[in-house]
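Structure first, then comments.
For ligands, and for the atoms within them, numbers begin at 1 and follow the listed sequence.
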Amino acid sequence: MSLTGKAALVTGASRGIGRAIALGLAEAGCAVACIASRKENAADVVSEITAGGGKALAIGADVGSLAAAEEAVSRCIAEFGSLDVLVNNAGIARDQLILRMTEEEWDQVITTNLKGAWNFAKAAAKPMMKARWGRIINLSSIVGLSGQAGQTNYAAAKAGLIGLTMSLAKEFGSRGITCNAVAPGFIETDMTQGLPNEMREQILKSAPVGRLGTPEDVAAAVLFLAGEGASYITGQVLVVDGGLTL
Ligand code: NAP
């Protein structure tokens, strides 16, 4: 699949799923603006892309800030001439049962995981509408579809992203912009590193494909949704979980 000549912005591109998405988009021909909370965190992925002959730019931005999102989008357009593909991937987890969860843990997760995507979609809306072409892909989760004890903040944010996705699909459909969500199951990244062994075993037993997911499994779904071939798909949630939730 070719995205040659297009420009993408990936939040949370420094590691894990976001890094795999940034590398995949670059491989498909996109110039990629790689966002992390600190610019230096995205330096490695940018070096990897440029070493392979691609174009990339590291930007430090807290996704929870609308002003930072607007500045990041402006920098992407100034550097690459457009913003065609937006991937809202940055996310954090602050897990606790509700009785122990602090208001701060609720606010942090909602601000980063949900408001962060709204901030970047809002900042990208005008240039994408002007170009009458765009792809917005939001990283939700299977827990946004089913809920999870100990993750009221995280699951609410991930379910909220699905509502955001469907609403943007309706707002932007007539402008050549699609908006879809990808809902991963358990993917081997820093975020799932602390998973207790019993839970890991349980997942391995329950997933029909018999393994945990890789960041590249998720990146493949994002790349498909970013491509020209997905132009008639919008407002959808693509589950990438090895069949775990079947
Ligand atoms: P990860 O390895 O923990 O990476 C998180 C990324 O988000 C990092 O690049 C981090 O950048 C960035 N980030 C966090 N807070 C930020 C902020 N305020 N501003 C800018 N960037 C910020 O996570 P992951 O496992 O790859 O997950 C990526 C996405 O997929 C998340 O939205 C997550 O909820 C979702 N997801 C993951 C799984 C899974 O099993 N791993 C399952 C379902 C959904 P820094 O370098 O600045 O820290």
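I142 CD1 to F186 CZ: the interatomic distance, rounded to the nearest 0.5 Å, is 5.5 Å. To the nearest 0.5 Å, atoms CD (Q96) and CG (L99) are separated by 10.5 Å. Atom CD1 of I92 sits about 5.0 Å away from atom CD of Q108, to the nearest 0.5 Å. A distance of 5.0 Å separates CG in L9 from SG in C76, rounded to the nearest 0.5 Å.
For R200, the CZ atom counts as densely surrounded, since its 6.0 Å shell holds more than 12 non-hydrogen atoms of other residues, nucleotides or ligands. Heavy-atom neighbours of E104 CD from other residues, nucleotides or ligands within 6.0 Å: at or below the threshold of 12. Other residues, nucleotides and ligands place no more than 12 heavy atoms under 6.0 Å from the CD atom of E71. Atom CE of M191 sits in a crowded spot, with more than 12 heavy atoms from other residues, nucleotides or ligands closer than 6.0 Å. Other residues, nucleotides and ligands place no more than 12 heavy atoms under 6.0 Å from the CD1 atom of I98.
Any N or O atom pair closer than 3.5 Å counts here, and I17 shares at least one such pair with ligand 1. At under 3.5 Å, a nitrogen or oxygen of I187, whether backbone or side chain, sits near a nitrogen or oxygen of ligand 1. Residue-to-ligand polar distances place K158 within reach of ligand 1: an N/O pair is separated by less than 3.5 Å. Between I35 and ligand 1, no pair of N/O atoms sits closer than 3.5 Å. The shortest N or O to N or O distance between G12 and ligand 1 is under 3.5 Å. Polar contact with ligand 1: present for V63 (N/O pair, distance under 3.5 Å). For ligand 1, the polar-atom distance check finds no N/O of S141 at less than 3.5 Å from any of the ligand's N/O atoms. For the pair N89 and ligand 1, the shortest N or O to N or O distance falls below 3.5 Å.
Residue, atom and distance of the protein heavy atom nearest to atom 46 (O) of ligand 1 are S14 OG, 2.5 Å. The nearest heavy-atom contact from the protein to atom 21 (N) of ligand 1 is S37 N, 3.6 Å. The nearest protein atom to atom 44 (C) of ligand 1, hydrogens excluded, is given as S140 O, 3.2 Å; this is a heavy-atom distance. Of the protein's non-hydrogen atoms, R15 NH1, 3.5 Å is the one closest to atom 1 (P) of ligand 1. Among protein heavy atoms, atom 42 (C) of ligand 1 sits closest to G185 O, 3.0 Å. Protein heavy atom closest to atom 16 (C) of ligand 1, with residue, atom name and distance, is T112 CG2, 4.0 Å. In terms of protein heavy atoms, atom 18 (N) of ligand 1 is closest to D62 OD1, 3.0 Å. Looking only at protein heavy atoms, the nearest one to atom 33 (C) of ligand 1 is Y154 OH, 3.4 Å.
Side-chain contact check for D62 and S65: no donor-acceptor pair (N or O, by modelled atom type) lies under 3.5 Å. Checking T11 against N89 by side-chain atom types alone, no donor-acceptor pair falls below 3.5 Å. For the 3.5 Å distance criterion, the side chains of D95 and Q151 qualify, holding a donor opposite an acceptor. Defined by atom type and a distance below 3.5 Å, a donor-acceptor pair is missing between the side-chain atoms of T111 and D107.
Atom 5 (C) of ligand 1 has its nearest heavy-atom neighbour, among G91, G16, G116, in G91.
With sequence neighbours excluded, no residue satisfies side-chain hydrogen bond (donor to acceptor under 3.5 Å, both in side chains) with N197.
Ligand 1 has no atom lying under 4.0 Å from any heavy atom of G60. Under the 4.0 angstrom criterion for non-hydrogen atoms, T11 is not in contact with ligand 1. Contact annotation: N113 has no heavy atom less than 4.0 Å from any atom of ligand 1. A heavy-atom separation below 4.0 Å is not found between A183 and ligand 1.
In P215, neither the side chain nor the backbone holds a heavy atom less than 4.0 Å from any atom of ligand 1. If you look at T189 next to ligand 1, the close heavy atoms, those under 4.0 Å, all belong to the side chain. When heavy-atom distances to ligand 1 are checked against a 4.0 Å cut-off, A42 has no atom that comes that close, whether in backbone or side chain.
For ligand 1, the atoms sitting less than 4.0 Å from at least one non-hydrogen atom of A61 are 19 (N), 20 (C), numbered in the order shown with element in parentheses. If you number the atoms of ligand 1 from 1 as listed, the ones under 4.0 Å from a heavy atom of F186 come out as 40 (O). For ligand 1, the atoms lying closer than 4.0 Å to a non-hydrogen atom of N41 are 45 (P), 46 (O), 47 (O).
With contacts defined as side-chain heavy-atom distances shorter than 4.5 Å, the pair N138/C179 qualifies. Contact of the N113 side chain with the V63 side chain is not registered, since no non-hydrogen atoms from C-beta on lie closer than 4.5 Å.
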